[in-house]
Number of protein chains: 2
Amino acid sequence: MQEITGLELSPKKVEYLKFLFKKGGLVRTTDISTQLKVDPSTSTKAISDLAETGLVEHIPYRGVRLTEAGQSYAEFLINRHNILSLMLSHYGLSPEEACGEASRFESLVSKTAVDKICTSMGHPMTSVCGKIRHVSCGIS
Amino acid sequence: MQEITGLELSPKKVEYLKFLFKKGGLVRTTDISTQLKVDPSTSTKAISDLAETGLVEHIPYRGVRLTEAGQSYAEFLINRHNILSLMLSHYGLSPEEACGEASRFESLVSKTAVDKICTSMGHPMTSVCGKIRHVSCGIS
DNA sequence: CATATGTTTGGTATATGCTCAAAACTTTTG
DNA sequence: CAAAAGTTTTGAGCATATACCAAACATATG
């Protein structure tokens with residue numbers, strides 16, 4: 001994934017990647033299916049898809065791990081979520097509401113837009129749902 | 001549609017409804033397919049779906065018209081779009097960017113959130129892409 | 001009223017996401 | 001250290017949303 005547009009992954013795939021990042025290391029299929037509340041077979045399938053994109057490495061019967069590309073992409077995904085949540089919280093949404101709304105639509109917000117929002121907010125360090133790291137954020 | 005959550009329709013269905021509202025009156029299948037750049041058969045299908053929800057009335061070979069429910073729902077959809085676009089434009093996105101981003105994700109933003117954003121912005125009357133009418137906006 | 005135009009139907013395709021049952025593999029344990 | 005128990009994967013199948021094409025159908029017009 002050379003240029004990140006932010007629109008590469010489907011909503012669910014984004015969830016998987018964010019979870020893998022937060023969990024860290026080798027993650028078991030069951031952990032994922034428990035967390036995302038789906039059948040283990042569903043998470044196995046999703047992981048196979050992600051493995052094909054090169055974002056994760058799947059060791060069958062062992063677990064999944066983010067690749068280096070996956071790490072930095074997941075970091076973008078989490079920053080995007082945090083920035084959008086923070087933005088929404090500025091409009092009177094509670095942290096939970098903001099976080100929930102952002103989770104629903106974040107996969108459709110481009111990196112370009114996120115970068116502008118981030119810049120406009122002055123590259124904040126913390127959101128309502130986590131710290132923000134301005135690594136791939138196109139600081140201007 | 002008793003209580004509007006804002007999450008009733010798929011992205012494309014939202015587009016159809018917004019277009020029908022803007023066009024007004026009885027709209028022909030071809031107008032729709034031309035506008036949304038899809039095959040006429042595709043728009044016929046979408047319209048059938050919408051007709052089942054009671055938001056539009058389809059008179060075969062004649063055209064489609066919003067029902068009263070469809071009218072007010074479409075008004076909500078357009079306000080949502082306008083409010084989200086305006087919000088984004090406050091973060092340095094150009095009108096075109098703001099409008100484009102909003103179009104991508106608006107169908108996943110709840111009415112509750114939109115109402116809060118609208119209130120927080122002081123119920124603005126105009127956005128970067130159209131006027132705003134605060135009819136169903138839960139003015140507080 | 002026959003033909004041109006516009007619309008709908010039916011078949012088919014892709015993408016995403018999901019479940020269940022059975023097979024395959026790993027781990028535990030007697 | 002083999003059988004039982006537990007976990008993971010595979011394969012078949014289903015649902016939704018979106019799309020196209022070709023054929024059938026309705027309407028409008030010359």
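By convention in this document, chain letters (A, B, ...) are assigned in the order of the sequence lines, proteins followed by strands, and residues within each chain are numbered from 1.
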Legend entry - Nearest-Å distance for atom pair CG/P, residues B:D39 and C:dG11: 17 Å
Inset, instruction - Tell me whether the OP1 or OP2 atom of C:dC18 has a side-chain N or O from A:K37 closer than 4.0 Å. - result: no
Inset, instruction - Go through the N and O atoms of the side chain of A:S41 and the base of C:dC20, and report whether any donor-acceptor pair is under 3.5 Å. - result: yes
Legend entry - Whole-Å gap separating C1' (D:dT16) and CG (B:L9): 14 Å
Inset, instruction - Take atom OH of A:Y16 and atom P of C:dC18, then tell me their distance rounded to the nearest Å. - result: 6 Å
Inset, instruction - Assess whether one donor atom and one acceptor atom, taken from the side chain of B:K45 and the base of C:dG11, lie less than 3.5 Å apart. - result: yes
Legend entry - Value in whole Å for how far the C1' atom of D:dA17 lies from CG of B:L36: 15 Å
Legend entry - For atom CD1 of B:I47 and atom C1' of C:dT8, their distance in whole Å: 11 Å
Legend entry - Closest nucleotide among C:dC25, C:dG17, C:dT8 to the B:P40 side chain: C:dT8
Inset, instruction - Output yes when at least one side-chain N/O atom of A:T29 is less than 4.0 Å from OP1 or OP2 of D:dT7, else no. - result: no
Inset, instruction - Could you work out which one of C:dT19, C:dG17, D:dT18 sits closest to the side chain of B:K12? - result: D:dT18
Inset, instruction - Examine D:dT9: is either OP1 or OP2 under 4.0 Å from a nitrogen or oxygen in the side chain of A:R62? Give yes or no. - result: no
Legend entry - Residue-phosphate contact under 4.0 Å: A:S10 side-chain N/O, C:dA15 OP1/OP2: no
Legend entry - Whole-Å gap separating P (D:dG6) and CG (A:D31): 17 Å
Legend entry - Phosphate contact (D:dT9 OP1 or OP2) by A:T44 side-chain N/O below 4.0 Å: yes
Inset, instruction - Evaluate side-chain hydrogen bond (donor to acceptor under 3.5 Å, both in side chains) for B:E101 paired with A:S110, printing each intermediate quantity in order. - result: CA-CA 7 Å; B:E101 290 285 336; A:S110 75; 2.4 Å; yes
Inset, instruction - Scan side-chain atoms only and decide if B:S103 and B:E106 contain a donor-acceptor pair under the 3.5 Å cut-off. - result: no
Legend entry - Nearest-Å distance for atom pair CZ/C1', residues B:R28 and D:dT27: 8 Å
Legend entry - Salt bridge present between A:K13 and A:E8 (N-O < 4.0 angstrom): no
Inset, instruction - Measure from NE2 on B:H58 to C1' on C:dG6 and round the result to the nearest Å. - result: 12 Å
Inset, instruction - Could you tell me whether A:K116 and B:E97 make a salt bridge, using a distance below 4.0 angstrom between a side-chain N and a carboxylate O? - result: yes
Inset, instruction - Give a yes or no answer on whether the side chain of A:N79 reaches the backbone of A:I132 with a donor-acceptor pair at less than 3.5 Å. - result: no
